[in-house]
There are 2 protein chains.
Amino acid sequence: MKKLPDSAYNPILKLDNQLCFSVYALSRLITKAYQPLLESLDVTYPQYLVLLLLWEHKELTVKQLGENLLLDSGTLTPLLKRMEQHQWLSRRRDARDERSVLVALAPAGRALQAQAAQIPMQLAEKMQLTEPEIAGLRTQLRQIMTLLS
Amino acid sequence: MKKLPDSAYNPILKLDNQLCFSVYALSRLITKAYQPLLESLDVTYPQYLVLLLLWEHKELTVKQLGENLLLDSGTLTPLLKRMEQHQWLSRRRDARDERSVLVALAPAGRALQAQAAQIPMQLAEKMQLTEPEIAGLRTQLRQIMTLLS
DNA sequence: AATAATTTAATTGTGCACAATTAAAACTTA
DNA sequence: TAAGTTTTAATTGTGCACAATTAAATTATT
């Protein structure tokens with residue numbers, strides 16, 4: 001009797017069957033879908049996420065940015081330095097707690113907000129999802145995130 | 001009348017409301033959830049994905065790996081070189097088409113399969129999802145992927 | 001067959017992402 | 001207050017991820 005490949009016995013080991021791979025691949029596809037929209041602003045997707053937070057809060061510490069984005073200073077420090085060079089934001093030590101660094105939106109960063117206003121809608125169109133579908137999916141993903149962290 | 005922040009007018013610009021951020025953040029959380037399970041095999045998550053394919057197909061070209069993983073040679077070539085150094089796989093030009101590089105599972109790579117057999121189940125436990133929930137979610141994500149590519 | 005166009009990997013350069021370490025500041029506690 | 005602990009960023013080093021370019025091999029077209 002001929003032996004089947006292990007993957008025939010273990011369909012769970014097949015790439016196609018893995019939810020995790022779908023999340024990983026979709027995440028990269030989404031970043032690529034953003035890219036042409038972000039290109040005219042000259043920002044990357046992670047930089048855009050920082051801007052979303054600063055547009056909302058104006059000033060945050062590196063720690064607060066990291067808590068929101070689930071990123072540490074090893075990622076954020078060089079990213080924020082690049083954004084500072086573009087004068088989209090400023091970085092300075094908090095006088096009340098010299099351990100912290102305050103990241104504040106600069107005028108050039110504020111100016112990008114109007115240009116970015118249409119981006120979420122354009123992405124939603126690309127994904128062809130209705131608002132309730134988006135909300136439902138987001139809730140499911142958030143729940144998994146809670147369980148994993 | 002006091003002006004509200006733009007994010008109050010534009011809730012769609014709020015990070016918390018964005019499905020795309022959830023996918024991005026979940027993808028990184030998943031990679032971190034795999035990490036302790038992959039550590040004893042000394043493989044990274046992308047390397048594990050390559051192994052999944054080679055366990056199933058034994059030999060694939062760089063192009064075929066890229067089609068399955070949605071990665072190009074710029075990512076795969078150095079990654080495969082590192083895996084070759086561990087002797088998990090071999091790389092050689094295809095004699096019938098010298099443009100292609102054949103990537104074949106090596107004995108040390110095959111040996112990792114048994115050690116990895118429990119990993120998908122352990123992940124599923126961490127995520128606390130039932131098989132139908134996983135299948136449903138995967139289908140939804142695949143559909144978005146189709147629309148984005 | 002000669003030329004042109006396409007395909008396939010590799011290379012180069014930039015920017016995350018993250019583990020581990022370091023250093024300074026702030027806080028806790030003896 | 002002095003010593004020890006914790007918190008916060010920065011730094012260092014490794015490994016993706018990807019755009020753009022290069023080079024070789026193949027295929028298509030004249």
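A, B, ... follow the sequence lines: proteins, then strands. Residue 1 opens every chain. These values consider heavy atoms only, across backbone and side chains, with no hydrogens, waters or symmetry-generated copies. Please read all numbers here as calculations on a predicted model, not as lab measurements.
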Indicate, with a heavy-atom threshold strictly under 4.0 Å, whether B/Q35 touches base, sugar-phosphate, or nothing. nothing
Less than 4.0 angstrom between a side-chain N/O of B/T77 and OP1 or OP2 of C/dT11, yes or no? no
Of the listed nucleotides (C/dC18, D/dT26, C/dA26), which one gets closest to any side-chain atom of B/K32? C/dC18
When you measure from the side-chain N and O atoms of B/Q64 to the phosphate of C/dT8, is any distance below 4.0 Å, counting only OP1 and OP2? no
At less than 4.0 Å, is any side-chain N or O atom of B/S73 found next to OP1 or OP2 of C/dT7? Yes or no. no
Using a cut-off of less than 4.0 Å, is there contact between a side-chain N or O of B/Y24 and OP1 or OP2 of C/dA17? yes
Base-pair map of DNA chain C as dot-bracket, where | denotes pairing with a different strand and pairs are Watson-Crick or G-U under 3.5 Å: ||||||||||||||||||||||||||||||
What is the distance, to the nearest angstrom, from the CD1 atom on A/I30 to the C1' atom on D/dC18? 17 Å
Would you say B/L102 and B/W55 are hydrophobically clustered, going by side-chain heavy atoms of ILVMFWY under 4.5 Å? no
Would you call the rings of A/W88 and A/H86 parallel, tilted or perpendicular if under 30° counts as parallel and over 60° as perpendicular? parallel
A/T44 side chain near C/dC16 phosphate (N/O to OP1/OP2, under 4.0 Å): yes
From B/L37 CG over to B/Q122 CD, what is the distance, rounded to the nearest 0.5 angstrom? 5.0 Å
Remember a base hit wins even if backbone is also touched, and classify A/T75 as base, sugar-phosphate or nothing at under 4.0 Å, heavy atoms. base
Under-4.0 Å side-chain N/O to phosphate OP1/OP2 contact, A/R93 with C/dA24: no
Examine the side chains of A/R138 and B/S22 and answer whether a donor and an acceptor come within less than 3.5 Å of each other. no
OP1 or OP2 of D/dC18 sitting under 4.0 Å from any side-chain N/O of A/R28? yes
If you only use heavy atoms from C-beta on, which nucleotide in D/dA9, C/dC18, C/dC16 is closest to the side chain of A/V62? D/dA9
Between B/R110 and B/Q113: side-chain donor-acceptor atoms closer than 3.5 Å: yes
Determine whether the side chains of A/Q143 and A/T146 contain a donor N or O and an acceptor N or O closer than 3.5 Å. no
Looking only at the side chain of A/V101 (C-beta and beyond, no hydrogens), which of the listed nucleotides D/dA9, C/dA10, D/dT26 gets closest? D/dA9
Choosing from D/dC18, C/dA9, C/dA26, which nucleotide comes nearest the side chain of B/L71? D/dC18
Among C/dT8, D/dC18, D/dC16, which is the nearest nucleotide to the side chain of B/P46? D/dC16
Closest listed nucleotide, where the reference is the side chain of A/D72 and the choices are C/dC18, D/dA19, C/dT6: C/dC18
Between B/Y48 and B/Y34, how do the two ring planes meet: parallel, tilted or perpendicular, split at 30° and 60°? tilted
Should B/T61 be listed as having a side-chain N or O under 4.0 Å from OP1 or OP2 of C/dA9? yes
Does C/dA26 have its OP1 or OP2 closer than 4.0 Å to a side-chain nitrogen or oxygen of A/K63? no
Do the charged groups of A/E84 and A/R92 touch, with an N to O distance under 4.0 Å? no
When you get a sec, tell me which of D/dA9, D/dA10, C/dA25 is the closest nucleotide to the side chain of A/R99? C/dA25
